[in-house]
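Contents: one structure, followed by commentary.
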Amino acid sequence: MWFIIDDQMSDDRRIRRLPLATVGLWVKLCVIHSKGVSMQSKDPSAYPGHFDQLDLKDAGGTMRQLQQLIDAGLMEEHDGGWRPVYAEGICREPRVLTEEQREARRKAGSKGGRRKAANQKAKQTSGDLPENSQANGEQNGSKPSSKLLGDSQAKTWHKTDTDTDIPSPTPPAGKPKQPATPESGFDHFAEAYPGSVGAKGRKTAAEARALYAAIAGNPVELTRLQTALRRYKHAVNDGQIRSGHIPRLNTWLRDQWKTWAPEPVPSTPIHKHNWNCEHVHQLMDPHEDEYDHTGSLRNGNPSEWWKACQACADELNNQETSKEKQ
């Protein structure tokens, strides 16, 4: 994937109003985002589709610079983070090639390579002829070198343009994609971890596998873990963490991964209806006079009104539970 900047970018008023450091930060964030989108096409969990405040800090930027980019319309908020806006006249939105497009480019490249090799061979043939070959050829009645070159190129081009003389190489048949399993998920995770995992079958590797399985059982925690690994790798690659200070995977999963993970999004509490909630009152208040209010819940003898309201609350709870299952 390529991130393409328009050659008219320097004349755009939005760019001219920004400090040079802010423009450089925008370009760097666009490159990081484009790389993440490319990785996301192969593995959807490799990139969440946006970058957060820690990614901004890793790129060397500040919240003030980010706000300048948002005010200029070059950044936008997305899913709790930010992502670049590919504005016309500044850059082009990156595109991920499909398998058909990659195959078409591969075939076009191989055909162009054969034609280029044939032209070079023809030039070498003409260069090996002596300077007076044309004159000798005319005296002996043979073809001059220019005609020999033309014939050799014609024959060579004819061969390169036909698919029967030089068939295009066929790509090897790929293995069918295996479905993802918890074991394969840990193997991919351990391969991406910048530190040591430990020998297979040893206590450290077994502990790391068990810790990963416990976290991966919750999809929300698994997403946080993958983001934490991506941030940790950035810190190691940037030299913030020396290679000798990287713990083994089991230690990192046990003690450190949450310090690199984004804060969990608080889940909205589920409202459970009861006899006195507003939803029940909206339904039951118009019929309050139809029920007897005598009785005491404390003494174990609730009134008919309380029983009706509680039955209405149970019905509402059952309806919402059935909707969630669907």
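Keep in mind it's a predicted model, so treat the numbers as computed, not measured.
Counting only residues at least two apart or in different chains, salt bridge (charged side-chain N to carboxylate O under 4.0 Å, His left out) contacts with residues 241-260 comprise Glu207-Arg254. The stretch residues 283-292 participates, sequence neighbours left out, in no salt bridge (charged side-chain N to carboxylate O under 4.0 Å, His left out) pair at all. Among residues at least two apart or in separate chains, ring-ring contact (aromatic ring centres under 6.0 Å, His included) pairs with a member in residues 214-241 are Tyr232-Trp252, Tyr232-Trp260.
Looking at heavy atoms from C-beta onward, Leu18 lies out of side-chain contact with Trp26 at the 4.5 angstrom threshold. Taking the side chain as every heavy atom from C-beta outward, Thr227 and Pro262 approach each other to under 4.5 Å. Side-chain contact between Cys277 and Asn274 is present, with heavy atoms from C-beta onward closer than 4.5 Å. Inter-residue side-chain proximity for Val197 and Phe189 is flagged as unmet; no heavy-atom pair is nearer than 4.5 Å. Between Lys203 and Asn250 there is no side-chain heavy-atom pair separated by less than 4.5 Å. Two residues are said to be in side-chain contact when any heavy atoms from C-beta on lie closer than 4.5 Å; Arg209 and Thr204 fail this criterion. For the pair Leu225/Leu253, a side-chain contact is recorded, criterion being any heavy-atom separation below 4.5 Å from C-beta on.
A salt bridge between Asp314 and Lys272 is absent, with no side-chain N of the basic residue lying under 4.0 Å from a carboxylate O of the acidic one.
Nearest heavy atom pair, residue Leu56 against residue Leu29, reads CD1-CD1, 4.1 Å. Here the closest heavy-atom approach between residue Gly195 and residue Ile246 is recorded as CA-CG2, 3.6 Å. When all heavy atoms are compared, the tightest approach of Gly60 to Gln65 is O-OE1, 4.2 Å.
Among Arg230, Lys35, His33, the one residue that satisfies the side chain to side chain donor-acceptor pair (under 3.5 Å) test with Tyr47 is His33.
When atom types are taken as modelled, the side chain of Asp12 and the backbone of Arg14 share a donor-acceptor pair closer than 3.5 angstrom. In this structure a side-chain-to-backbone donor-acceptor pair under 3.5 Å is present from Asn317 to His273. The closest donor-acceptor contact from the side chain of Thr251 to the backbone of Pro247 lies at 3.5 Å or more, if one exists at all. At distances below 3.5 Å, at least one donor-acceptor pair connects side-chain atoms of Asn218 with backbone N or O atoms of Val220.
Tyr291 forms part of a hydrophobic cluster together with Val280, Leu283, Met284, Trp305, Leu316, judged by ILVMFWY side-chain heavy-atom separations under 4.5 Å. Members clustered with Val85: none, using a 4.5 Å side-chain heavy-atom cutoff among hydrophobic residues.
We find the CD-OG1 distance between Gln53 and Thr62 to be 10.5 Å, quoted to the nearest 0.5 Å. Considering CG of Leu222 and CZ of Arg224, their distance stands at 11.5 Å, rounded to 0.5 Å.
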Only distances under 3.5 Å count here; give the side-chain donor-acceptor pairs of residues 68-84 to other protein atoms, sequence neighbours excluded, each with its distance to 0.1 Å.
{"from": "Gln68", "atom 1": "OE1", "to": "Thr22", "atom 2": "OG1", "distance (Å)": "2.8"}
{"from": "Asp71", "atom 1": "OD1", "to": "Gln67", "atom 2": "NE2", "distance (Å)": "3.0"}
{"from": "Glu76", "atom 1": "OE2", "to": "Arg83", "atom 2": "NE", "distance (Å)": "2.7"}
{"from": "Glu76", "atom 1": "OE2", "to": "Arg83", "atom 2": "NH2", "distance (Å)": "3.2"}

Step by step, work out the side-chain contact (heavy atoms from CB on, under 4.5 Å) result for Tyr193 and Leu229. CA-CA 7 Å; Tyr193 183 68; Leu229 177 62; 3.8 Å; yes

Given Glu304 and Lys307, is the side-chain contact (heavy atoms from CB on, under 4.5 Å) satisfied, shown in steps? CA-CA 5 Å; Glu304 295 297 327; Lys307 292 179 181 178; 4.0 Å; yes

Salt bridge (charged side-chain N to carboxylate O under 4.0 Å, His left out), that's the test. Do Asp238 and Lys233 meet it? Break it down for me. CA-CA 8 Å; Asp238 293 343; Lys233 288 179 63 177; over 6 Å; no

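Criterion: ILVMFWY side-chain heavy atoms under 4.5 Å apart, direct or through other members. Under it, Leu20 and Ile5 are not part of a common hydrophobic cluster.
The aromatic rings of His271 and His279 lie tilted to each other, with the angle between the two planes from 30° to 60°.
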